[in-house]
Protein chains: 2
Amino acid sequence: MSGQIIALQPNLHALRDRCANCSMHELCLPMGLDNDELQRLDGIIKKRRRVLKNDYLYRMGDKFQNLYAIRVGHFKTVYTDAAGTEQVTGFQMAGELLGFDAISSDQHQCNSIALEDSEVCEVPFDRLEELFRDIPGLQRHFHRMMSQEITREQSIMLLLGNMRAEQRLAAFLVNLSTRYSQRGYSAHAFQLRMTREEIGSYLGLTIESISRLLTRFKKNGWLNVESKEIQINDLPKLKTLVTASAAESLSR
Amino acid sequence: MSGQIIALQPNLHALRDRCANCSMHELCLPMGLDNDELQRLDGIIKKRRRVLKNDYLYRMGDKFQNLYAIRVGHFKTVYTDAAGTEQVTGFQMAGELLGFDAISSDQHQCNSIALEDSEVCEVPFDRLEELFRDIPGLQRHFHRMMSQEITREQSIMLLLGNMRAEQRLAAFLVNLSTRYSQRGYSAHAFQLRMTREEIGSYLGLTIESISRLLTRFKKNGWLNVESKEIQINDLPKLKTLVTASAAESLSR
DNA sequence: CGTTTAATTGATCACTATCAACCGTCGTGG
DNA sequence: CCACGACGGTTGATAGTGATCAATTAAACG
């Protein structure tokens, strides 16, 4: 009997691997699609890929073929310029889409590395663009996701260009808290998946500064931190910090 | 006779205003389209809009309806966060597309302001998305442009996160030089359309720093600057500067 | 366990912000 | 026509933030 069922789905991945059953589908690419559309999207996502901690999802220069939707786990993207300067440009978690930067040149422009054992869905971009013709809602949602990536980066530009170290770290923690909360996890207690060094690179600060700031935040009672475990005690205070610099510069 | 020709194009703007005759069309949205496709794109671009110096092309919070392709002139985008911190997030010139940030939320996320008397083509986004179904090449090129905006911002993140003041300004000037050169203008002599303050805001530096750096560059013989007129004497030197920081951090 | 990698803490230094004074240009109105 | 103010830009003196250098501790891993 189970043999029959398998015969009816010759090419498909197991049921549990389908978008409709994925706990992330309300945040991810298939958001808002109806059942029929969901199946068509599922039809082009042939492969689920496991990526072990510290392994590359893709490397700079790799030919661009797929976007990747994170099912489980965390990634960082590391951008390297012509001369070798490295910077972490983002941390991604389940439900987020990776690889937008590669579309323009048909080559990946950065490295994507798993921060823990993870799993992604490979979305062939050519086939996705074809699907857009038949599913306008999918096209629109894709454009929204790409646009969101642009505004995300703009707010990091603001952070890097205008904020002091303390505000940058506060903004970073508030951002993590928000994203975990959107995923149904606690906004107040979570685990950092990245090292202090990676946080520093992302925020344009040194590892020493990150370390000092965390201990200062702890002394102030705003949070508890024990190696990678974070417990935020005063989220409103952190949020205030982020907007404080602006208030100052306005009052002058 | 000319009357007949006009009668055959009831709804259309003057011939000189069409994509096919626009000197920017090899950089802009219509890149790579054939004649028929070009006309269809033209068909949805109903309006050319003049924007005078210091006027807003759009404001934060404005409802999103159009993307804007710059025909003539220069713009800046200014991003303001919840608390009022302002930062210039980009300078745009002829042939470039504006408004990507608004797609995700149906509202513009930043202000776009003309740096001089300018002219743009209004591209209704709904109609553009419809066109994508019939013109895959247009869809692909649009995705490339959006992706390019993402990588552009990533390189600014690198600049703001990793580079010293001197390198930031050098990178900025080299970037302008490249873009003017792509548009058929001199790579060595051009006019700054923005103030020192706007440059500073963009690069995460103060106006005083920009001023000091420009005089230092001048003293070193790398360039001449007379108010807004820039003449670059040693472009290779400026390019070297940009990559210098990387070399240092690698050699340690 | 021994070795490597990550994180903490302290002392010092340098870059760039900040504060302040001044100059030049432009536009406006007395 | 000149006076005035507004604005953009330059230059100098000083100070503060966060980088750098260095030493030590803690955690991770084979």
Side-chain angles (χ1 to χ4, degrees), chain A residues 52-54 76 85 87-88 113 115-117 159-172 191-219 223-230 241 244-246 248-252, chain B residues 53-54 76 85-88 113 115-116 159-170 172 191-219 223-230 241 244-246 248-252:
Chain A
L52 297 180
K53 181 170 178 173
N54 292 327
K76 65 172 175 180
T85 321
Q87 177 161 351
V88 173
I113 300 166
L115 294 173
E116 60 184 339
D117 292 356
L159 179 147
L160 293 173
N162 284 308
M163 289 188 188
R164 306 213 160 292
E166 190 176 66
Q167 295 154 351
R168 295 187 198 187
L169 185 62
F172 173 72
Q191 209 190 95
L192 297 174
R193 321 289 163 136
M194 65 294 287
T195 65
R196 308 284 194 268
E197 190 167 21
E198 287 160 342
I199 298 174
S201 169
Y202 182 62
L203 298 178
L205 300 170
T206 59
I207 179 176
E208 293 96 330
S209 292
I210 300 297
S211 180
R212 276 186 251 270
L213 285 165
L214 280 175
T215 49
R216 197 199 302 171
F217 282 18
K218 197 173 170 181
K219 276 180 190 159
L223 51 73
N224 268 14
V225 51
E226 194 60 48
S227 110
K228 306 230 162 180
E229 296 297 330
I230 292 275
L241 267 187
S245 62
E248 282 166 36
S249 49
L250 281 181
S251 65
R252 278 194 234 110
Chain B
K53 182 170 178 172
N54 292 327
K76 66 171 175 181
T85 320
E86 280 201 354
Q87 177 160 351
V88 173
I113 298 167
L115 294 174
E116 61 184 339
L159 179 148
L160 293 172
N162 283 309
M163 290 188 188
R164 300 292 181 64
E166 191 175 66
Q167 295 153 353
R168 294 187 198 188
L169 185 62
F172 173 70
Q191 207 190 95
L192 298 174
R193 322 288 164 139
M194 65 293 287
T195 65
R196 309 282 195 267
E197 190 167 20
E198 287 160 343
I199 298 174
S201 169
Y202 182 61
L203 298 178
L205 300 170
T206 59
I207 179 175
E208 294 97 329
S209 292
I210 301 297
S211 181
R212 276 187 249 271
L213 286 166
L214 279 175
T215 50
R216 197 199 302 171
F217 282 18
K218 198 174 169 180
K219 277 181 190 157
L223 51 74
N224 268 16
V225 51
E226 194 61 46
S227 109
K228 305 229 162 179
E229 296 297 330
I230 292 275
L241 268 187
S245 64
E248 283 165 35
S249 49
L250 281 180
S251 66
R252 279 195 231 107

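Here is the naming used below: chain letters follow the sequence lines, and residue numbers restart at 1 for every chain. These numbers were taken from a predicted model, which means no experiment stands behind them.
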Problem - Shortest non-hydrogen contact between A:Leu159 and A:Ala171, atoms and distance - result: CD1-CB, 3.8 Å
Fill in the blank from the handout: For A:Ile199 and A:Leu192 the tightest heavy-atom approach is CD1-CD1, 4.2 Å
Problem - For the student: nearest non-hydrogen atoms of A:Arg168 and A:Leu203, plus distance - result: NH1-O, 2.7 Å
Exercise for the section: Calculate the interatomic distance between B:Phe217 atom CZ and D:dG9 atom P; express it in whole Å. Expected result: 17 Å
Practice task
Give the minimum heavy-atom separation between A:Leu160 and A:Tyr202, together with the two atoms involved.
Solution key: CD2-O, 4.0 Å
Handout entry: Charged N-O contact under 4.0 Å between B:Glu116 and B:Lys53
Key = no
Exercise for the section: Figure out the CD/C1' separation between B:Gln167 and C:dT16, and round it to whole Å. Expected result: 14 Å
Fill in the blank from the handout: Looking only at heavy atoms, the pair that brings A:Val225 and A:Leu214 closest together is CG1-O, 4.1 Å
Practice task
Take A:Glu208 and A:Arg196 through the test salt bridge (charged side-chain N to carboxylate O under 4.0 Å, His left out) and record every step on the way to the result.
Solution key: CA-CA 8 Å; A:Glu208 293 96 330; A:Arg196 308 284 194 268; over 6 Å; no
Problem - Interatomic distance, B:Arg164 CZ vs D:dG18 C1' [rounded to whole Å] - result: 11 Å
Practice task
Measure the angle between the two terminal helix axes of the helix from C:dC1-D:dG30 to C:dG30-D:dC1, five base pairs each, and quote it to 10°.
Solution key: 40°
Completion exercise
Quick tally for nucleotides 4-12 of chain C: nucleotides whose base has a protein heavy atom under 4.0 Å get B, sugar-phosphate-only ones S, the rest -, giving ---SBBBB-
Practice task
May I have the distance from A:Asn162 (atom CG) to C:dA17 (atom P), rounded to whole angstrom?
Solution key: 11 Å
Exercise for the section: Please figure out whether A:Glu226 or A:Thr206 has its closest DNA chain D nucleotide nearer the 5' end. Expected result: A:Thr206
Handout entry: Working for side chain to side chain contact (heavy atoms under 4.5 Å, CB included), residues A:Lys219 and A:Arg216
Key = CA-CA 5 Å; A:Lys219 276 180 190 159; A:Arg216 197 199 302 171; 5.6 Å; no
Practice task
Could you check whether B:Gly200 gets within reach of a base, just the sugar-phosphate, or nothing at all, counting any heavy atom under 4.0 Å?
Solution key: nothing
